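Predicted model only: the values in this text are computed from it and were never measured. Order of listing sets the numbers, starting from 1, for every ligand and every atom in it.
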Amino acid sequence: MSDDITGTAAWHDLERHHDQVSALTLRDLFAADPDRGTALTTTAGELYIDYSKHRVTPETLSLLVELARTANVEQRRDEMFAGAHVNTSEDRAVLHTALRLPADATLTVDGRDVVPDVHEVLAKMGAFTDAVRSGAWRGATGQPIATVVNIGIGGSDLGPDMVYRALRHYCDGPACRYVSNVDPADLTATLTGLDPATTLFVVASKTFSTLETLTNATAARRWLVEALGADAVPKHFVAVSTNAERVAEFGIDTANMFGFWDWVGGRYSVDSAIGLSVMAACGRQRFAEFLAGMHELDEHFRTTPLAENAPVLLALIGLWYSDFFGADSRAVLPYSNDLARFPAYLQQLTMESNGKSVRIDGSAVTTRTGEVFWGEPGTNGQHAFYQLLHQGNRLVPCDFIGFAEPTDDLPTMDGTGSMHDILMSNLFAQTAVLAFGKDAEEVAADGTPTELVPHKVMPGNRPTTTILAPKLTPRTVGQLIALYEHQVFTEGAIWGINSFDQWGVELGKKQALELEPLLTDTDPPTDDLDSSTAELIRRYRAERGR
Ligand code: F6P
């Protein structure tokens, strides 16, 4: 099951092939095949995906697909969709895909059809958010809700925050704000200007044991109670969790709790009740379209042959750079301001999933895992870090994401054009310049002084994927998320790791709990501490007058 993929013939074939083709340039590849720009493309849902500007030949792609076959990606995918316990270290099924199954589907997991459960929660979320949106749900003073504050962290924050922003154009319900950090500045800034009488808190935590979330939720409840009294809490606090007992202990009526299941990983949970704030903002119909978009991509991933399967191809190409070219990171560059939080969302999705050093059986991996994802929306990044992308000496493959139809448009300076056209012409220009650059001869031909020529040479040969969708809609946002979810799965399956646990975050949490009392102590820090941490705490205490 977790055989070392780097010991297989498929891997060795790729190593040999890399030696043969790594010097080929995108200029060479495009010159050799005039149809390359249409041939190396695929569609998934409404997403048109151009992977022609990658340093791959048709042979590279078929060797990569063979690697996926060798790693039994199809079998592992089918096991995941069927509800097998593919999260072995926690002995759990991994079934975010069940959250977007249509109501007439069936999926039996551990002896129970989960589809009716999923749709029961969706119906409860729908009834509740309808009431909030229509004003039928009133706060303790009889006023309707104007603002929903989601308190959560990690997957209980990044997903809904990202999707809420992405669907700004479609949101016609209460405004949403998101609090995650245990830094008191976050809650303080979020509550500034809010009226407790018209504010609804959604405490979102899968486990309902996360320190940051419970601390912020307690402080938020204090803020509310100070203004409206303890009796106001049931009208202003609801919970999203898998843990009804802890929700009740916290003092939230479990009638106002929206549940989900242990087979939904935190970073895969925006399509569960964790999306409650999004549904409140944009309504149940648009939330249903968002889920339908995800389901379309699930079906694409589940049924499309590997060689045309978009998430599989993108995973294989990512792995090609990471493991064969030694690339350190992948930039995700949405040419949509509304997708500004998409790179941050992907950081949790990809890095918490695949940042692993041991395979499923506990043996050490022998190749790089876990691509580092980062990015900012275009065109802002162009005026910040694209210099390194264009002329730096690191290889940074990039995913460009753009939309043909704007959700909003404004005229250009002379009043005749479209600002959206300016935005998109930048996307197309960047991917072309990254791929084809400008060599010394071409730079000199512009009349550039000789001494400046080396500074102006654009090396090119920098690989990009372009994902072009008709429009940013609930459906296409769902498709984008599922596209990356399945890339993460495919890479994890090839590396032989468990993409669905996150043991690496636990020790830091535990040590923070142990250290916290030392920050307020007046005794010298104990000898158990290393000298660096002891001195930092001593200085911290001195600054705080302790
Ligand atoms: O600490 C990591 C993590 O467990 C994430 O995986 C998760 O999304 C986040 O914390 C929040 O967890 P919860 O929803 O249980 O509060």
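- Under a cut-off of 6.0 angstrom, the local environment of CD in Glu245 is sparse, with at most 12 non-hydrogen atoms contributed by other residues, nucleotides or ligands.
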**Request:** May I have the step-by-step check of side-chain hydrogen bond (donor to acceptor under 3.5 Å, both in side chains) for Ser363 and Asp361, ending in yes or no?
**Result:** CA-CA 6 Å; Ser363 58; Asp361 64 3; 2.6 Å; yes
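- Using a cutoff of 4.0 Å between basic side-chain nitrogens and carboxylate oxygens, Asp172 and Arg133 are scored as salt-bridged.
- Residues Arg302 and Asp78 are not paired through a salt bridge, judged by the lack of any N-O separation under 4.0 Å between the basic side chain and the carboxylate.
- Test Thr490, Thr366, Asp323 against Trp495 for side chain to side chain donor-acceptor pair (under 3.5 Å) and you get one pass: Asp323.
- Relative ring orientation between Tyr268 and Phe500 is described as tilted, the plane-to-plane angle lying within the 30° to 60° band.
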Atom pairs and distances, ligand 1 N/O vs protein N/O under 3.5 Å:
residue  : atom   : partner : partner atom : Å
ligand 1 : 1 (O)  : Lys509  : NZ           : 2.9
ligand 1 : 6 (O)  : Glu352  : OE1          : 2.8
ligand 1 : 8 (O)  : Gly155  : N            : 2.8
ligand 1 : 8 (O)  : Gln348  : NE2          : 3.1
ligand 1 : 14 (O) : Ser156  : OG           : 2.6
ligand 1 : 14 (O) : Lys206  : N            : 2.7
ligand 1 : 15 (O) : Ser205  : OG           : 3.4
ligand 1 : 15 (O) : Lys206  : N            : 3.4
ligand 1 : 15 (O) : Thr207  : N            : 2.9
ligand 1 : 15 (O) : Thr207  : OG1          : 2.6
ligand 1 : 15 (O) : Thr210  : OG1          : 3.4
ligand 1 : 16 (O) : Ser205  : OG           : 2.6
ligand 1 : 16 (O) : Thr210  : OG1          : 2.5

